[in-house]
Every structure is written in C-alpha cells, then in structure tokens.
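From a predicted model like this one, the values you see are computed outputs, not experimental measurements. Along the sequence shown, residues carry numbers from 1.
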Amino acid sequence: MVMNNTFYIETMGCQMNKLDSELVAGQLQNLGYQPADNPTQAAVIIFNTCSVRQHAEDKVISKIGQFRRRHQQQKDLILAVIGCMAQRLGQDLLDSHQQVDIVCGPGQIHQLSKMIADIQNQRQRLLNLNDPAENENLENLDTSRQHHDSPLPFMAYVRVMRGCNNFCSYCIVPYVRGREHSRPIEHIVDECRQLTENGVKEITLLGQTVNSYKYQDNNQTFTLADVMKKIHDLPGLARIRFVTNYPRNFDERILHAMADLPKVCEYLHIPAQSGSDRILKAMNRHYTAAQYADLIQKARDIVPNITIAGDFIVGYCNEDDQDFNDTKALVQKIRYKNCFIFKYSPRPGTRADDKLADNVPDPIKRRRNTELLELQNQIACEDNQQLIGKSVEILVEGPSKKPHLNIPQNQLNLDDPVLQLTGRTPGDQIVVFNGTRKLIGQIINTKIEKASALTLFATYESP
Ligand code: 5AD
Ligand code: SF4
C-alpha cells in the first residue's frame, strides 16, 4: 500500500551523489516523510542521477519508463529526477517524459522538499536547474545535516568542496556540478564533530578534486592537510579518508599529513586516465605520464605503505595501439591496488565531443578494457600474495554481498551465529572473514590467509 508521506531514493554515480541522497533523505525525514523499502510503496520516488557516461543515463531513462503506467493510474505519485543528468537534460526530460514531475539539478537539491510540497498543493511540473557559476547555495543543506539513519552509521562522507575547474576534455562534471567552491573550514569541522558525536568512526572527505581544497579566512589559507589536522583529534574518530585527487599541483603537505597523522588512511585514489602523453594532452590533463609516475614515487617515499588506486579511460578519441601500450606500461609501472577502467563515452557539450570524433570502434574499446583489467588484476593478485600471513586492521562494514568460499573457522567462541563479513584495511583493501554480527562497525585485526586481485580472505584475530 502507498502511504502519502513515504519516499524512495535510488542513487546512481559517485560518492558525491550518495552524500546528496543522504542529505535529501534527511531533509524529507525532518518534514515527516518516511523512507519506504521499495518504490512500489512510495508516494515520492527520486532518482539521483549521473551523467558521466551515456550508460548511466540510459539506465535512468529505462527506469523512468517503468513508471509511465503507474503515474497515470496513481495521480498523487511524484517522480523526481535530480542530480547531474537532471541538470544536463533539464527541460528535455520534462518534455519527453510525461511521468516526470520534478527535474532538479545537483546545486538546487536544498529546495527539493519545497518543490515536492508545492506539487502536492497544486499539481504542476517543476524545473529547477543550477547556475554553474553559483556553487554556494548548497551550504545550508550540508550544515543542516542530521545523521539520521545512514546505512552504515559508523561511516560518513563529508563534502569539503564542490564543483570542478579543470575542464578535462571528456568530462561533463564542470558543466553539471559547476565551478570549484571550497566550504568554510569551520563548517566542515563542525559537521565532522557532530558526526563523531553520533558514533561515526570513519570520515571520507569528498571533493571532485579534493586535493585542491583551499579556504581563505582573513589572512589565513587553509588546505586539505589543515582540514585533516583539525578533525584528527575528534574523540571517537578512527579513520580519515579523502577522494578524489587530481594529479597536477598536488600539495605535498597532504602526503606529510598521511605520514604523520595516524588516523589518515594510507590510501590515495588518483586517476591518471591515460599513460600516453599525446592522449593526456588531448584530454587537457596538464601532466605527462612521467610526471604522474614521479608524483606516485614521491607519495611512496613519504608514505611507504601507501596504496594507490586509479581510473583509466580506454578508447579515447584517436587512441591508437601505441597510446594503449603506453597506458599498459604506466599500469605496470605504478602497480595500483585497483583501477576503475572505463570505455570512452562522448558527452554532449564537452570539448572532446565538440571537436573530436569518437573514432575508436566499440569492439576495440571493449578489448582494451578487458586487456587492461586483466593486466591490473594480475598485478594486484601478485602484490596481494605478499600480504598472506600478515595481520591487518579492518573496519567491519557488514555482511559480505557475494558469498565467498572462506576458510572454516572455529576459533570464535562468541554466541551469535557466524556469518561472512567484509571490512576494509586503511589501504582500502577489501577483507572477507567469518565473524559475528556484533563486530559490525568495529575496528578489529584479521589475519590474511588467501588473496585474490580484489579480495583478501582472512580469519578473525582480535579486537
Ligand atoms: N567517458 C568515460 N569515462 C569517463 N570518466 C569521466 N568522463 C568520462 C567519459 N566521458 C571517468 C573518468 C573519471 C571517472 C569518474 O569516470 O575515469 O575519473
Ligand atoms: Fe558524480 Fe560526475 Fe556522475 Fe555527477 S556526473 S554523479 S559528479 S560521477
């Protein structure tokens, strides 16, 4: 049965979107709405969308399509499309999908509850897009955050900045999320304090280029390293992470903060996108593969146990076999912990789409994707073998989604039934082990018994 004051949010895309959905859910709950377990029970259905690749948009279009009938039958149903794709397509979404009631850009989601109320009062369809030059109006949404019932109450994302000024040729983000804007440091620290007072143990600081956080207060300039220093000693906080990093003008103080502050996790997600200087130039990335590799070497010199993760785009406009070989060489050189690999997807309005042909055929993109992934998996699998027999600290996140064949374990003399749990090391390695539900949310030690490219299999050691 549908209750009038229930909502359901489905989130696509990056961590920024996950955080936005959490804030929107908090805003609605403050107004008396209840979260529904599935869309069939909800009166308000929200899709928080991503535009970074065409595939992400296609999925949303198909999901929206499934609501055409129901929207005709259930007159009070409200369907809202928010986030990056809403911003990108704007009025077109309303024009081509009668069942969509609200289209709201990522910079306007602080007004979503008001828009929903407006529709409930007088049925109309609403469009609310952000001006990419204005990126300050969301501050209220972040600062009014309530740590209600996030799925993992001991982990939280905190935004330190929004938007991006880099304009990589392939990327839609600056167009949909607007220009870079760093939040006031005291707001970030207050938010982190509130979260830790409510039991949060791990905070991930978020920004599209988190390493370029810069906030000026009177005569002082604060950087990301300062944010980490300021939140480091909050009681209850055990871990600090930050994503995602841009490899140019990388502030070395961040590496020193990692080395010197025990709560800052030794994990750096820093996408290279390509290993070919020619392609990097065409992507407008402003660094060469050698400069990137030097930066990673510097990170390893300062933070010896650091793990590195990256993103790569294969099949970018004019990418030939030599370019792709350069990318493989970079992957071989860096020895990433893991890489996210994507096939180039032209985004309307970006410089690449305006000026260059998407001329690498899809089968070649697919083959390069598979080949790079195989290489990366082989490297990660080799490196992970060195962890066998070692004791690693993890924050236990919950039951493992995929059932793995794990080592049977009888050492646990705890009462509850044993189930397969997962957690992460400070270096962001996924660890699977058998344990009891009461370990969820705790930091414990496990001993690695077996390792694959993406998963470490372990036994429970001690709290
Ligand atoms: N096509 C494919 N992948 C893309 N990414 C960003 N834009 C595109 C695009 N047009 C990838 C980049 C980025 C990640 C979030 O998505 O690798 O780091
Ligand atoms: Fe996140 Fe970029 Fe996708 Fe927007 S377009 S949801 S910022 S990944």
Q. Does the pair Leu387 and Gln429 meet the rule for a side-chain contact (heavy atoms from CB on, under 4.5 Å), with working shown?
A. CA-CA 11 Å; Leu387 294 168; Gln429 304 266 19; 3.8 Å; yes
Q: Could you give me the CA-CA distance, side-chain angles and deciding distance for Glu22 and Arg145, then say whether salt bridge (charged side-chain N to carboxylate O under 4.0 Å, His left out) is met?
A: CA-CA 9 Å; Glu22 211 183 293; Arg145 170 181 208 167; 3.3 Å; yes
Q | Derivation of the side chain to side chain donor-acceptor pair (under 3.5 Å) call for Asp190 and Gln194 | A | CA-CA 6 Å; Asp190 284 349; Gln194 254 181 35; over 6 Å; no
Q: Could you check Asp142 against Arg162 for side-chain contact (heavy atoms from CB on, under 4.5 Å), going step by step and ending with a plain yes or no?
A: CA-CA 11 Å; Asp142 280 292; Arg162 27 184 106 78; 2.5 Å; yes
Q: In sequence, state the C-alpha distance, the side-chain angles, and the governing distance for Arg347 and Gln54, and then conclude on side-chain contact (heavy atoms from CB on, under 4.5 Å).
A: CA-CA 7 Å; Arg347 309 313 298 134; Gln54 186 59 43; 3.0 Å; yes
Q | Test log, rule side-chain contact (heavy atoms from CB on, under 4.5 Å), inputs Asn445 and Glu393 | A | CA-CA 4 Å; Asn445 286 313; Glu393 182 205 271; 3.7 Å; yes
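The local environment of NE2 in His55 is sparse, with at most 12 non-hydrogen atoms from other residues, nucleotides or ligands closer than 6.0 Å. The environment of Arg248 atom CZ is dense: over 12 non-hydrogen atoms of other residues, nucleotides or ligands sit within 6.0 angstrom. Dense packing is recorded around NZ of Lys328, with more than 12 heavy atoms of other residues, nucleotides or ligands lying under 6.0 Å away.
How far CG of Asn434 is from OG1 of Thr446: 12.0 Å, rounded to the nearest 0.5 Å. In this structure, Leu79 CG and Lys63 NZ are separated by 12.0 Å, a value rounded to the nearest 0.5 Å. For the atom pair NZ of Lys281 and OG of Ser276, the computed distance is 12.0 Å after rounding to the nearest 0.5 Å. Separation of atoms CG (Leu112) and CD1 (Ile9) is listed at 7.5 Å; rounding is to 0.5 Å. Taken to the nearest 0.5 Å, the SG atom of Cys339 stands 9.0 Å off from the CD1 atom of Ile334. Between Asn359 atom CG and Cys317 atom SG the span is 6.5 Å, to the nearest 0.5 Å.
For the pair Asn165 (side chain) and Arg179 (backbone), a donor-acceptor distance under 3.5 Å is absent. With hydrogens and angles ignored, the 3.5 Å screen pairs a side-chain donor or acceptor of Tyr213 with a backbone N or O of Arg183. Panel note: side chain Gln385, backbone Ala451; a donor-acceptor pair is recorded below 3.5 Å. Remark: the backbone N or O of Tyr344 is paired with a side-chain donor or acceptor of Lys365 at under 3.5 angstrom. Checked by atom type and distance alone, the side chain of Asp353 never pairs as donor or acceptor with a backbone atom of Pro346 at under 3.5 Å. Listed for the Tyr287 side chain is a donor-acceptor partner under 3.5 Å among the backbone atoms of Ala272. Of the possible donor and acceptor atoms, none in the side chain of His256 sits under 3.5 Å from a partner among the backbone N and O of Ile302. The closest donor-acceptor contact from the side chain of Asn284 to the backbone of Phe167 lies under 3.5 Å. At least one donor-acceptor pair closer than 3.5 Å links the side chain of Tyr246 to the backbone N or O of Arg285. The backbone N or O of Asn130 sits less than 3.5 Å from a side-chain atom of Gln87, completing a donor-acceptor pair.
Considering only residues two or more places apart in sequence or on other chains, Arg53 meets the side chain to side chain contact (heavy atoms under 4.5 Å, CB included) condition with Phe342, Ser345. Among residues two or more places apart in sequence or in another chain, the salt bridge (Lys or Arg N to Asp or Glu O under 4.0 Å) test is passed with Asp277 by none. For Phe312, the ring-ring contact (aromatic ring centres under 6.0 Å, His included) partners are Tyr336, not counting sequence neighbours.
Considering only heavy atoms from C-beta on, Glu371 stays 4.5 Å or farther from Val314 through its side chain. Gln291 places none of its side-chain heavy atoms less than 4.5 Å from the side chain of Pro247. Looking at Gln15 and Thr204, their side chains never come closer than 4.5 Å, going by heavy atoms from C-beta outward. Put simply, the side chain of Leu421 reaches to within 4.5 Å of the side chain of Phe433, judged on heavy atoms. The shortest side-chain heavy-atom distance between Gln273 and Cys168 does not fall under the 4.5 Å cut-off. With a 4.5 Å cut-off on side-chain heavy atoms, Pro39 and Phe67 count as touching. Contact of the Arg424 side chain with the Arg241 side chain is registered, since non-hydrogen atoms from C-beta on lie closer than 4.5 Å. Within the 4.5 Å cutoff, side-chain heavy atoms of Leu295 are placed close to those of Ile270.
Across all non-hydrogen atoms, the minimal contact from Leu395 to Ile443 is CD1-CG1, 3.8 Å. Leu268 approaches Ile306 most closely through the heavy-atom pair CB-CD1, 4.0 Å. Here the closest heavy-atom approach between residue Ile279 and residue Asp323 is recorded as CG1-CG, 3.6 Å. Nearest heavy-atom pair, Thr221 versus Asp226, reported as atom, atom and distance to 0.1 Å: O-OD2, 3.7 Å. Nearest heavy-atom pair, Thr209 versus Cys164, reported as atom, atom and distance to 0.1 Å: CG2-SG, 4.1 Å. Scanning all heavy atoms of the two residues, the minimum distance from Tyr267 to Pro426 falls at CB-O, 3.6 Å.
Using a cut-off of 4.0 Å between Lys/Arg side-chain N and Asp/Glu carboxylate O, Lys214 and Asp251 are scored as not salt-bridged. Under 4.0 Å is where a charged nitrogen must lie from a carboxylate oxygen, and between Asp20 and Arg159 at least one such pair does. Of the charged side-chain nitrogens involved, none lies within less than 4.0 Å of a carboxylate oxygen, so that Asp260 and Lys229 do not count as a salt-bridged pair. Under a 4.0 Å N-O distance rule, the pair Glu10/Lys59 does not qualify as a salt bridge. Salt-bridge check for Arg335 with Glu382: passed, with a basic side-chain N closer than 4.0 Å to an acidic carboxylate O.
For the residue pair Thr307 and Glu266, no side-chain donor N or O sits within less than 3.5 Å of a side-chain acceptor on the partner.
Between Phe340 and His269, the ring planes are perpendicular. Angles over 60° get that label, and only those under 30° would be called parallel.
Paired with Thr425 under the rule side-chain contact (heavy atoms from CB on, under 4.5 Å), one option of Ile448, Ile394, Ile430 passes, and it is Ile394.
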